[in-house]
Trainee: 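After the structure tokens below, expect a handful of questions from me.
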Number of protein chains: 2
Amino acid sequence: MPKEQATKTLTCPVETTLKIIGGRWKVLIIHFLLNDTMRFGELTRSLNGISARTLSKQLRELEADGVVHRKDFGEIPPKVEYSLTPLGRSLEQVLLSMEAWGSTVEKQRTKRKSS
Amino acid sequence: MPKEQATKTLTCPVETTLKIIGGRWKVLIIHFLLNDTMRFGELTRSLNGISARTLSKQLRELEADGVVHRKDFGEIPPKVEYSLTPLGRSLEQVLLSMEAWGSTVEKQRTKRKSS
DNA sequence: CGGCATCCGACTGGATACTG
DNA sequence: CAGTATCCAGTCGGATGCCG
């Protein structure tokens with residue numbers, strides 16, 4: 001039985017960050033959770049096309065890395081809420097700088113196409 | 001002949017950034033090139049353990065994405081220098097914020113271990 | 001509703017050998 | 001020196017089906 005374990009520390013903090021947020025849907029998940037606490041089903045609908053297994057895995061990894069908090073209400077029918085930890089919320093600055101840079105790349109590409 | 005093509009634009013600028021710098025060695029390559037223009041062999045030695053094929057591929061991708069500039073001197077023996085484009089240099093802010101966040105993660109992990 | 005188990009295909013990156 | 005060609009292994013994420 002493989003116990004969930006947090007991403008291994010690499011030599012460089014930048015790579016640590018990359019390992020944690022580098023998953024296919026992770027920045028999107030974080031993006032949504034920055035606005036709201038959300039349930040599993042809400043996330044499934046927001047992340048158009050993600051499968052339950054994949055969403056589950058990404059969330060467990062984020063949880064293991066201390067970015068996401070999982071609150072299980074232990075009810076029937078099941079109810080689980082996901083939110084960001086303080087560490088997760090502190091990722092906003094990183095995402096903002098990445099978004100700013102990504103935007104300049106996209107602008108540059110548009111210019112190249114029209115030239 | 002498979003033409004090198006830049007990473008496809010995704011819905012979100014953050015994912016664009018991730019696609020471009022998400023490769024196994026890319027942030028390290030950028031890190032070194034922020035300090036210096038470097039030759040292929042220098043990079044090989046700096047990135048301990050990377051194979052020629054892998055380094056070549058990562059560099060071509062970074063070049064296709066407009067981050068790295070490749071200058072071939074066309075001499076025998078071959079001499080090629082790699083440097084960052086202005087766009088590549090503008091990544092420094094992104095790497096700094098990622099490094100800052102990654103450091104806090106590592107500190108937190110250390111605390112957890114010692115508790 | 002919120003998962004987990006199983007199976008699987010695609011992609012990435014590594015090892016090795018060879019070349020202009 | 002700076003690659004390319006070939007082959008291969010590990011990982012990631014998707015599809016599907018089942019369950020409490």
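For clarity, every value in this text was computed on a predicted model and none was experimentally measured. By convention in this document, chain letters (A, B, ...) are assigned in the order of the sequence lines, proteins followed by strands, and residues within each chain are numbered from 1.
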Trainee: Determine the contact category for A:E75: base if any of its heavy atoms lies under 4.0 Å from a base atom, sugar-phosphate if only primed atoms, P, OP1 or OP2 are that close, otherwise nothing.
Mentor: nothing
Trainee: Map B:R53 and B:L59 onto DNA chain D by nearest heavy atom, then report which one ends up closer to the 5' terminus.
Mentor: B:L59
Trainee: OP1 or OP2 of C:dA15 versus the side-chain N and O atoms of B:S51: is any pair under 4.0 Å?
Mentor: no
Trainee: Give, for atom CD of B:E92 and atom CH2 of A:W101, the distance between the pair rounded to the nearest 0.5 Å.
Mentor: 13.5 Å
Trainee: Would a distance-only check, ignoring hydrogens and angles, find a side-chain to backbone donor-acceptor pair under 3.5 Å from B:S46 to B:E42?
Mentor: yes
Trainee: Please state how far atom CG in A:L47 lies from atom P in D:dG14, giving the value in whole angstrom units.
Mentor: 10 Å
Trainee: I want to check something: taking the side chain as every heavy atom from C-beta on, are A:E15 and B:L28 in contact at a cut-off of under 4.5 Å?
Mentor: yes
Trainee: Applying a 4.0 Å non-hydrogen cut-off, can you work out what B:Y82 is touching in the nucleic acid: base, sugar-phosphate, or nothing?
Mentor: sugar-phosphate
Trainee: Let me know the distance between CD of A:E63 and P of C:dC4, rounded to the nearest Å.
Mentor: 10 Å
Trainee: If I take atom CG from residue A:L95 and atom NZ from residue A:K26, how far apart are they, to the nearest 0.5 angstrom?
Mentor: 13.5 Å
Trainee: Could you state the atom-to-atom distance from NZ of A:K26 to P of D:dG13 in whole Å?
Mentor: 7 Å
Trainee: Please state whether the phosphate of D:dG14, meaning OP1 or OP2, lies under 4.0 angstrom from any side-chain nitrogen or oxygen of A:W25.
Mentor: yes
Trainee: Can you figure out which of D:dT4, C:dG3, C:dG13 approaches the side chain of B:R60 most closely?
Mentor: D:dT4
Trainee: Just by modelled atom types, is the B:G66 backbone N or O under 3.5 Å from a matching donor or acceptor in the B:T85 side chain?
Mentor: yes
Trainee: Considering every strand and a 4.0 Å limit on heavy-atom distances, what is the contact class for A:R39: base, sugar-phosphate, or nothing?
Mentor: sugar-phosphate
Trainee: Check every atom of C:dC1, D:dA2, D:dG14 against the side chain of B:R70 and return the nucleotide holding the closest atom.
Mentor: D:dA2
Trainee: If each of A:I50 and B:V80 is mapped to the nucleotide of DNA chain D with the nearest heavy atom, which maps nearer the 5' terminus, i.e. the 5' end?
Mentor: B:V80
Trainee: For D:dG3, does either OP1 or OP2 sit under 4.0 Å from a side-chain N or O belonging to B:S56?
Mentor: no
Trainee: Expressed as a whole number of angstroms, how long is the span from B:Q58:CD to C:dT12:P?
Mentor: 10 Å
Trainee: Starting at the 5' end of DNA chain C and moving along, which residue's nearest nucleotide shows up first, A:P77 or B:K57?
Mentor: A:P77
Trainee: A:F40 has an atom CZ; how far is it from atom C1' of C:dG2, in whole Å?
Mentor: 6 Å
